[in-house]
Amino acid sequence: MKIINLLLFSFLLFGCSSNPDMEGIILEVTEHKVMLATELSLSEYEQIKDKSALQIQNEDVIGDAYFGLIELTYERAKEFNKGDQVDVWIDGEVMESYPEQAKAKKMKQKE
């Protein structure tokens, strides 16, 4: 019985983590950080792709648009490029700043 409970608990613990916490389009990549827009479609991205992340953030602040910006710290950030669509798994809490901030434990480019 203990083995069954242990297996069930392991399945619940690890099975739940297979779904990403968020998804979005990368607006900017630095050495260990990624600026991600979680509320942006590919067609919308095509219209703003030549703007800097700061310009996009300013538009978000003044209310011209809402992009759901979050700055993610990620050790392997340089593996990604501006415009990549990604799934993100968060490590810990999301800080309620502007833009929001969090540490990513895993990022995967969408196929």
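What's counted below: heavy atoms across the whole structure, side chains too, no hydrogens, waters or symmetry copies.
Atom-to-atom distance recorded for Leu42:CG and Leu40:CG is 8.0 Å, nearest 0.5 angstrom. With values rounded to the nearest 0.5 angstrom, Met35 atom CE is found 5.0 Å from Glu71 atom CD. If you take CZ on Phe67 and CD on Gln57, they are separated by 11.0 Å, rounding to the nearest 0.5 Å. For the atom pair Lys78 NZ and His32 NE2, the distance stands at 9.5 Å (nearest 0.5 Å). Remark: Gln85 CD to Lys108 NZ distance equals 13.5 Å, nearest 0.5 Å. The line from OH of Tyr74 to NZ of Lys106 is 8.5 Å long, rounded to the nearest 0.5 Å.
Between Glu46 and Ser43, the side chains place no donor N or O within less than 3.5 Å of an acceptor N or O (distance only, hydrogens not considered). Checking Thr73 against Lys103 by side-chain atom types alone, no donor-acceptor pair falls below 3.5 Å.
Applying side chain to side chain contact (heavy atoms under 4.5 Å, CB included) to Pro20 and the options Val88, Val86, Asp87 leaves one that passes, Asp87.
Side chains of Val34 and Glu28 form no contact here, defined as non-hydrogen atoms less than 4.5 Å apart. Side-chain contact between Asn58 and Asp64 is absent, with no heavy-atom pair separated by less than 4.5 Å. Side-chain contact between Glu100 and Met95: absent, with no pair of heavy atoms (C-beta onward) separated by less than 4.5 Å. Looking at heavy atoms from C-beta onward, Met107 lies in side-chain contact with Ile26 at the 4.5 angstrom threshold. Tyr45 places a side-chain heavy atom less than 4.5 Å from the side chain of Lys82. Side-chain contact between Asp84 and Val29 is absent, with no heavy-atom pair separated by less than 4.5 Å.
With sequence neighbours excluded, the residues satisfying side-chain contact (heavy atoms from CB on, under 4.5 Å) with Thr38 are Met22, Leu36, Ile70.
Relative to the ring axis of Trp89, Lys105 does not place its NZ or CZ within 45° and under 6.0 Å from the centre.
Formation of a donor-acceptor pair under 3.5 Å by the Gln47 side chain with backbone atoms of Glu44 is not found in this model. Gln55 places a side-chain N or O within 3.5 Å of a backbone atom of Ser52 that can act as its donor or acceptor partner.
Taken together through direct or relayed side-chain contacts under 4.5 Å among Ile, Leu, Val, Met, Phe, Trp and Tyr, Val61 and Ile56 form part of one hydrophobic cluster.
Hydrophobic cluster membership of Tyr66, counting Ile, Leu, Val, Met, Phe, Trp and Tyr whose side-chain heavy atoms lie under 4.5 Å apart directly or via other members: none, as it forms a cluster of its own.
Across Ala102 and Ile90, no two heavy atoms sit closer than the pair CB-CD1, 3.9 Å.
Taking a cutoff of 4.0 Å between a charged side-chain nitrogen and a carboxylate oxygen, Lys51 and Glu59 qualify as a salt bridge.
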